[in-house]
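Data block below; observations after.
Residue numbers start at 1 and run along the sequence shown. Atom set for the values below is all heavy atoms of this structure, side chains included, hydrogens, waters and symmetry mates excluded.
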Amino acid sequence: MWGMKQRILIAIAGIVLLMSCSVAHAGIGLGISPSHIELKDALRGGTYERTIAIFNTGDSDGEFALYAEGAENICDIEFHRNGERVDRIKIPAGEKATVTVLFKIKNDVPNGEYETKIYAASVPSGGNISEGMGAKAIIQIPSTVVISVTGTQILRGEVKSVHIYDTEVGIPLRIEVKFRNTGNVVAYPRVNVRIEKESGILVDSFERADFGVNPGGEDTITLTWNTTDEGDYSAEVTVYLGDDVLYEDVLPFKILPFGTLTRNGTLNRIYIEGEPLLNRMVKIIAEFVNTGEIDTYAQFKCEIYHNGSLIDLAESDKMFVERGKKCSMQVYYKITECGEYEIRGYVSYDGKNTDEKSLKFTVPDVSSGEKESGSSNILPYPHAALLLVLIASAVAMRRSREKKNEKHRARHRDK
């Protein structure tokens, strides 16, 4: 029979196990959409794209890994966000992130239908994708992908919309053609533009045919034209794909005196990427939206305070932001002292400034950081607590055997 101390030891280890499991799952929620993706008439050697949405339905910010299984002999799968390849993303609580998935079909895949899966998986602090997501992920959600490979080349697409915005003298005219590739090969639509004055006089003509759109993808082809004279104009826009005319129309626009159109912008928020620790570099990001009637150049400027005192100034590069578009501007800062930090910043554009926003965070000292790191290494991982239970059980069993052996030796001595 085990003694009271051994029973208490096992009970404590069990409680630690339960605590670690609840902490690991606290505040975590995950969703992926769509749950089913089809690639029809995929061509060997072709690249196809689809957009998925990852939802953080929990009550705390989270980091999520993206990966694929079962696609090794069919295609290479890549995840892209904001023009960069990624394998993990950070999503604030209650928000979603859209990700472009590229499917690069291998050249030697036989015709047929294949199935694979792509996953979004929550990753605990310190999780390493290369170690295998099955061991590190708390929750993982799949999206099933069905790929039908064919040898038939299909060149097909559609023009979703064409927009031309009024502009001012000296500000380039922007023509936007939203195109969707419904075929199974990369499409290069040819966009031809003829600019005429209201009187019917031809001013200029130009075209663009170098913009490729992947099969299944939808993208905006942008053409610009330098403006010099005020007045009423029209643009005859024709979109070709191969020998087919997909779109043809005449769109009016105005070139106005400089300063006529309203300049407006909003600083949505300031946030940081990277853990704020001593001697670490953090990225300070400002999310800006051009809410005005014309494109603009914008620049993020901020003050950095430490324990209430101004210690540094920083500013981003200037960025060209189209009307109605959102962009992120960033500056980098290396933390050299522990304590309380505050970032106060605004965005400057066309002689105006947005309202100021601020962000506060704490950089722990080395000793407190080590203590916090030591404690967090136990609780967030259930297998660590399980190891505790096994060790405690082994110790208790050994002590029990020693007591039995001692009693056995005592009986022999009495005889």
Quick one, N192 with Y240, criterion side chain to side chain contact (heavy atoms under 4.5 Å, CB included). Give me CA distance, side-chain angles, the key distance, then yes/no. CA-CA 8 Å; N192 182 274; Y240 302 87; 4.2 Å; yes

Steps toward side chain to side chain contact (heavy atoms under 4.5 Å, CB included) verdict (I118, F79): CA-CA 10 Å; I118 56 177; F79 302 92; 4.1 Å; yes

Working for side chain to side chain contact (heavy atoms under 4.5 Å, CB included), residues Y341 and V363: CA-CA 8 Å; Y341 282 82; V363 178; 3.6 Å; yes

Would R190 and F206 count as a cation-pi pair here, with the cationic atom under 6.0 angstrom from the ring centre and within 45° of the axis? no

Passing candidate, salt bridge (charged side-chain N to carboxylate O under 4.0 Å, His left out) with K254, options D166, D232, D229: D232

Here's a test for you: under side chain to side chain contact (heavy atoms under 4.5 Å, CB included), which of L223, N226, T167 qualifies with P172? N226

Check residues 325-340 and write down every donor-acceptor pair under 3.5 Å in which the side-chain atom is one partner and the other belongs to a residue at least two apart or another chain.
| from | atom 1 | to | atom 2 | distance (Å) |
| --- | --- | --- | --- | --- |
| K325 | NZ | E322 | OE1 | 3.1 |
| E340 | OE1 | T362 | OG1 | 2.7 |
| E340 | OE2 | T362 | OG1 | 3.1 |

Close side-chain approach of T227 to I255, heavy-atom, < 4.5 Å: yes

Would you call E63-K90 a salt bridge at under 4.0 Å N-O? no

Residues Q140 and Y67: side-chain donor-acceptor under 3.5 angstrom: yes

When you look at E176 and V162, which way does the side chain to side chain contact (heavy atoms under 4.5 Å, CB included) test go after all the steps? CA-CA 6 Å; E176 296 181 348; V162 177; over 6 Å; no

Please tell me whether D350 and T296 have a donor and an acceptor in their side chains that are separated by less than 3.5 angstrom. yes

Who are the side chain to side chain donor-acceptor pair (under 3.5 Å) partners of T116, not counting sequence neighbours? none

Between T57 and L30, the two heavy atoms sitting closest are OG1-N, 3.3 Å

Decide if the gap between the ring center of Y349 and the ring center of F288 is smaller than 6.0 angstrom. yes

Backbone of G216 reached by a side-chain donor or acceptor of N181 within 3.5 Å: no

